[in-house]
Amino acid sequence: MCGIWAIIGEQPTAQQQDAFMKIVGRGPDLTVLEEVQPNVNLGFHRLAIVMPGDTPSAQPIVGGGLSVVCNGEIYNHKSLKIDCPYTLKNGGSDCAAIITSFIKHDQDLKETCASLDGVFAFIMADSKNVYIGRDPIGVRPLFYGYNSRNSLIIGSEVKCVEELCERVEYFPPGCCATINLQNWSKPIQPQQYYSVPSTADRFLSMESTQTLVRDILVKSVEKRLMGNRNFGFMLSGGLDSSLIASIATKFLKQKPIAFSVGFEDSPDLENARKVADYLKIPHEVLVITPKQCIDIIPEVVYALETFDPLIIRCGIAHYLLCQHISKSSDVKVLLSGEGADELFGSYAYMQKAPNALHLHKEILRRMHYLHQYDVLRCDRSTSCHGLEIRVPFLDKRFIDLVSRLPPTYKLIPMKLEKHILRSAFEGWLPEEVLWRSKEGFAEALGKTDLGDILIDYCNNMIDKDLYAKRAERFPDRTPETTEEYWYRQIFEDTFSFDKMGHLVHTKVYRTAAWHLPTTEEKENEEETQEYLNLPRTSSISTGVA
C-alpha cells in the first residue's frame with residue numbers, strides 16, 4: 001500500500017504540499033515529491049513491503065524517458081522486466097514493470113494495463129504526455145480534479161485533492177488515459193481496457209468447475225504472498241476469510257497471525273478461534289465495546305470518505321481492528337476475503353432472485369460498484385494505519401472464471417450459498433466453518449446488533465426538530481433515518497459536498513437488478529428506482545467476508 005499524488009501545470013505550493021501529506025499514512029516509510037518534467041511533479045508515500053528499506057524499490061521509477069509512481073503490486077513483474085533495453089532508476093520495485101511493459105508494447109497504454117497482473121493505480125510521464133492507469137476492479141483508488149488555474153491534481157484519496165480542486169472525480173476502474181502536456185487542462189477521457197465478462201459461457205461439469213475454482217484461487221493467494229514483511233489475516237470466522245487463511249498458511253514459512261474483532265459476547269469469535277486452532281496459527285482477539293464504536297465514527301467517516309450507512313457500519317470494526325494491528329504487531333500485509341460474495345451471488349437477497357439470469361445480472365451490477373463499497377472500505381481502513389490489504393478473490397483470472405460460470409451453479413435449490421466454493425475446498429477447514437451459512441460482519445460483533453445500537457443512539461442524539469427539516473438541509477439524497485442524518489452531518493462538516501458528494505454511491509443493497517428500470521430509463525435511475533424492503537439480518541454486505 002502506498003500513496004501517490006501529482007500536480008500537472010504548475011509548481012506545488014505550500015498548501016498543495018500540505019494536502020499531499022494528508023495521505024502519508026498510506027506510506028510512512030518514505031516520502032518523495034519530485035519534478036520529473038517541467039511543471040509535472042510526482043509524489044510518493046512508500047509503505048515498504050517488497051525489499052523493505054531498499055533504495056532501488058523507491059519511487060519515482062525512471063528509465064527510457066519515463067517516470068512513474070504507482071500504488072500497487074504487480075505480481076508478474078519478473079516476466080515483464082525480461083529483456084528491458086534500459087537500466088531503470090529504482091528498478092527493483094515490482095512497479096518498474098509498468099515502464100518495461102509500456103516499452104515492450106510500443107507505448108500502447110491499453111495493452112500495457114491489460115498485461116499487468118495485479119492491483120494498481122499509477123501516474124506516468126514522459127516529455128509529451130502523462131499516462132494514468134487503474135486496475136480492473138479498482139482495488140487501488142485514484143481521484144483527480146482541476147484547480148482554478150486549470151492545473152490537474154491527482155491523488156490516492158479524496159482528502160489529498162479535494163481542497164485544491166473545483167470538483168473531484170474518481171478515475172474509473174479498468175481504465176487508462178493519456179493527457180497531452182501541451183493541453184493538460186482538456187478533460188480526461190478514460191479508455192476502458194477491462195470489464196467483468198458479462199456472458200456466462202463456461203459450460204463445465206460441476207467436478208471440473210470445482211477443480212478450476214480451487215486451483216485458480218490457490219494460485220491467486222500464492223502470488224499475493226510476495227514480499228518479506230509479516231502477514232496476517234482478518235479472520236471473521238466466516239467462509240471467505242477462513243479459506244484465504246487456510247490456503248496462505250500452506251505457503252508461508254513464517255506462521256501468519258489471525259486477528260479477530262467483536263463484542264465480548266460475539267459468537268463469531270469462537271468460530272474464528274476454531275479456524276485458527278485448525279490451522280495451528282496464532283490468534284489475537286480485539287474485544288470492543290459499543291461506546292468505542294460510537295466514539296470512533298467521526299474518524300471512520302474521514303477515513304472512508306463516505307456517508308453511506310452500510311460502509312460506515314461495517315467499517316467501524318474494520319477500522320478499530322486495523323488500528324489495533326498497526327499499534328500492537330509488526331504485521332504489515334493483511335489478506336482478506338472481499339469479493340467472494342459478489343462473485344458468487346451469496347448475499348441473502350441475491351439468493352432470493354427470481355431466477356438464475358436475474359442473479360447473474362445482479363452479480364454484474366454489484367461488481368460494477370464494488371470499488372465504491374467493500375473495496376473502498378478495505379483500502380481506507382487499512383491504509384490510514386500503514387497496512388496493506390490484499391484480496392485474492394478479486395484476482396483477474398478468478399473473476400474471469402467465476403463470472404463466466406453458469407448462473408445456475410450459483411443459485412442451486414436446497415443448497416447453501418457458494419456451494420461450488422465450499423465443495424471445492426472440502427478438508428481445508430473444519431466442517432462447521434466450511435458449511436456454515438453466511439453472517440454479516442457488523443451483525444457478528446455480538447448478540448446485540450451493532451445497527452440497533454447505532455439506531456438507538458442516534459434517535460436519542462439527533463434533535464427531532466432538526467431531523468424533521470432534514471430535506472431542507474440535505475435535499476440531495478435526504479437521510480431516511482437519524483443514523484444516516486448523523487453520518488451526513490459529519491461528512492459535510494469534513495468535506496465539501498458540492499465538490500465530491502457525487503462520488504458517494506449509496507445503498508447499492510436497496511435495489512436489485514430485477515428491480516432496475518429499463519435501459520432507456522437508467523439515466524434517471526435515482527428518480528425511478530424502486531427500493532426493496534429487505535430485513536437487515538444477513539441480507540446485505542456488512543464487512544470483512
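Ion pairing between a basic and an acidic side chain is recognised when a charged N comes within 4.0 Å of a carboxylate O; Arg224 and Asp395 show such pairing. Between Asp215 and Arg397 no salt bridge is recorded (no basic side-chain N to carboxylate O distance below 4.0 Å). A salt bridge links Arg377 and Glu338; the closest N-O separation between the charged side-chain nitrogens and carboxylate oxygens is under 4.0 Å. The existence of a salt bridge linking Glu362 and Arg365 is confirmed by a sub-4.0 Å separation between a basic side-chain nitrogen and an acidic carboxylate oxygen. By the 4.0 Å N-to-carboxylate-O rule, Glu10 lies close enough to Arg149 to be salt-bridged with it. Residues Lys22 and Glu163 are paired through a salt bridge, judged by an N-O separation under 4.0 Å between the basic side chain and the carboxylate. With respect to the salt-bridge test (charged N to carboxylate O, under 4.0 angstrom), the residues Asp94 and Lys78 do not qualify. Salt bridge status for Arg140 with Asp135: absent, with no side-chain N to carboxylate O gap under 4.0 Å.
Trp184 has its side chain out of reach of Val130: every pair of non-hydrogen atoms, C-beta onward, lies at least 4.5 Å apart. Within the 4.5 Å cutoff, side-chain heavy atoms of Thr306 are placed close to those of Ile312. Between Phe259 and Phe233, the closest side-chain pair of non-hydrogen atoms is not below 4.5 Å. Looking at Gln107 and His105, their side chains never come closer than 4.5 Å, going by heavy atoms from C-beta outward. Looking at heavy atoms from C-beta onward, Pro141 lies in side-chain contact with Arg380 at the 4.5 angstrom threshold.
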Inset, instruction - Walk me through it: do Gln11 and Gln16 pass the test side chain to side chain donor-acceptor pair (under 3.5 Å)? - result: CA-CA 9 Å; Gln11 293 301 306; Gln16 291 164 344; over 6 Å; no
Inset, instruction - Start with the C-alpha gap between Leu30 and Val32, add the side-chain angles, then the distance that decides, and say whether side chain to side chain contact (heavy atoms under 4.5 Å, CB included) holds. - result: CA-CA 7 Å; Leu30 173 72; Val32 177; 4.0 Å; yes
Inset, instruction - Begin from the C-alpha positions of Tyr146 and Glu166 and carry the test side chain to side chain donor-acceptor pair (under 3.5 Å) through to its verdict. - result: CA-CA 6 Å; Tyr146 297 88; Glu166 301 288 298; over 6 Å; no
Inset, instruction - Give the intermediate values and the outcome of side chain to side chain contact (heavy atoms under 4.5 Å, CB included) for residues Arg46 and Gln59. - result: CA-CA 8 Å; Arg46 182 190 182 205; Gln59 297 186 29; over 6 Å; no
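Not one N or O on the side chain of Trp5 forms a donor-acceptor pair closer than 3.5 Å with the backbone of Leu42. Under a 3.5 Å cut-off, the side chain of Ser326 and the backbone N or O of Cys322 do not form any donor-acceptor pair.
Aromatic ring orientation, Phe491 versus Phe495: tilted (interplanar angle from 30° to 60°). Below 30°, between 30° and 60°, or above 60°: for Phe20 and His45 the angle between ring planes is below 30°, a parallel geometry. Tyr193 and Phe120 have parallel rings, their planes meeting at less than 30° on a 0 to 90° scale where 60° marks the start of perpendicular.
For Phe398 and Phe393, the ring centers sit closer than 6.0 Å to each other. Residues Phe497 and Phe474 keep their aromatic ring centres 6.0 Å or farther apart.
Closest heavy-atom contact between Gly155 and Val161: N-CG1, 3.6 Å. Residues Leu47 and Cys2 come closest through the heavy atom pair N-SG, 3.6 Å.
For Asn41 and Glu34, the side-chain atoms include no donor-acceptor pair closer than 3.5 Å. A donor-acceptor pair shorter than 3.5 Å cannot be found between the side chains of Thr178 and Asn129. Side-chain atoms of Asp400 and Tyr194 form a donor-acceptor pair, as typed in the model, at a separation below 3.5 Å.
The number of heavy atoms from other shown groups lying within 6.0 Å of NZ (Lys81) is above 12.
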